[in-house]
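Numbering of ligands and ligand atoms starts at 1, following listing order.
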Amino acid sequence: MKDVIIACDFAGYDQALEFLDKFAGSSRKPFVKIGMELFYGAGPEIVREIKRRGHRIFLDLKLHDIPNTVRKTMQVLSSLDVDMTNVHASGTIEMMKAAVEGLRRPDGTRPLLVAVTQLTSTSEDRMREDLLIERPIEEVIAHYADNARRAGLDGVVCSPLEAAAVKERAGADFLTVTPGIRFADSAADDQVRITTPAKAREIGSDYIVVGRPITAAADPVAAYERCVSEFLG
Ligand code: C5P
């Protein structure tokens, strides 16, 4: 099910909830992404409170550690009843399999699990010079997506510009969660591989993750609704 996810990138508990209060009159209850800044700043209680308010939650902590640590951490995150969470695909297939195992609840269900391929702030030049990865970025991303599929994950986080290549390699049902979204008339900030909500729809993203174009807008609810209408039509 396609949707717009708001990246709720605030440092504090109150600040995040004040932001979400603005959506009280909105016809849709936004799907919310809680990232490192908010989770580390406000603690797990912010997840419980946003869940109590009826939002779906993508807990974006991008785990990357040894498999045993990732498995045990995922057990903790699963008990917070989030709807989606993630790991770095560069942590290897074994680490991703451990994440799937850790997330599984006693009744067999689990939150959606997606893998970060390459951050949308990373260019091919940086990948080559800083990380010594020589292959073309599209090839690296398609390979990481295939690793994630083989490990039993549901999809990847990638730029919308890579969504088609990911689906071609990992299958049409393999989810693409795509940050790096900007309106045609807004600033790129630190993102490099970006596109508009309408273009992300055309390309076949399943979920778009939108932060500053909504959180920093003069009217965040209007910006959210614009995203929804451009992306979902
Ligand atoms: O403000 P902006 O729209 O750039 O926010 C994008 C959000 O998506 C941020 O919370 C960022 O951490 C996250 N993200 C990303 N690129 C990835 C994975 C996550 O920008 N590859």
Participant: Whether Asp185 and Arg226 form a salt bridge (side-chain N of Lys/Arg under 4.0 Å from carboxylate O of Asp/Glu) is what I want to check.
Facilitator: yes

Participant: Are Asp21 and Arg53 close enough for a salt bridge, meaning some N to O gap below 4.0 Å?
Facilitator: yes

Participant: Which class fits the ring pair His88 and His64: parallel under 30°, tilted 30 to 60°, perpendicular over 60°?
Facilitator: tilted

Participant: Between Arg126 and Thr122, is any side-chain donor less than 3.5 angstrom from a side-chain acceptor?
Facilitator: no

Participant: Quick one, Phe39 and Leu80 - any side-chain contact, counting heavy atoms below 4.5 Å?
Facilitator: yes

Participant: Is it the side chain, the backbone, both or neither of Asp9 that has a heavy atom closer than 4.0 Å to ligand 1?
Facilitator: side chain

Participant: Please confirm whether Lys62 comes under 4.0 Å of ligand 1, counting heavy atoms of the residue only.
Facilitator: yes

Participant: Any atom of ligand 1 sitting under 4.0 Å from a heavy atom of Lys33?
Facilitator: yes

Participant: I'd like to check which ligand 1 atoms, numbered from 1 as shown, lie under 4.0 Å from a non-hydrogen atom of Arg182.
Facilitator: 1 (O), 2 (P), 3 (O), 4 (O)

Participant: For ligand 1, which part of Pro213 has a heavy atom less than 4.0 Å away: the side chain, the backbone, both, or neither?
Facilitator: side chain

Participant: Which ligand 1 atoms, with their elements, are less than 4.0 angstrom from a heavy-atom of Arg212?
Facilitator: 1 (O), 2 (P), 3 (O), 4 (O)

Participant: Check Asp83 with Lys51, please: is the shortest side-chain N to carboxylate O separation under 4.0 Å?
Facilitator: yes

Participant: Report the member of Ala216, Ala7, Pro179 with the shortest heavy-atom distance to atom 8 (O) of ligand 1.
Facilitator: Pro179

Participant: At less than 4.0 angstrom from any non-hydrogen atom of Gly211, what atoms of ligand 1 do you find?
Facilitator: 1 (O), 2 (P), 3 (O), 5 (O)

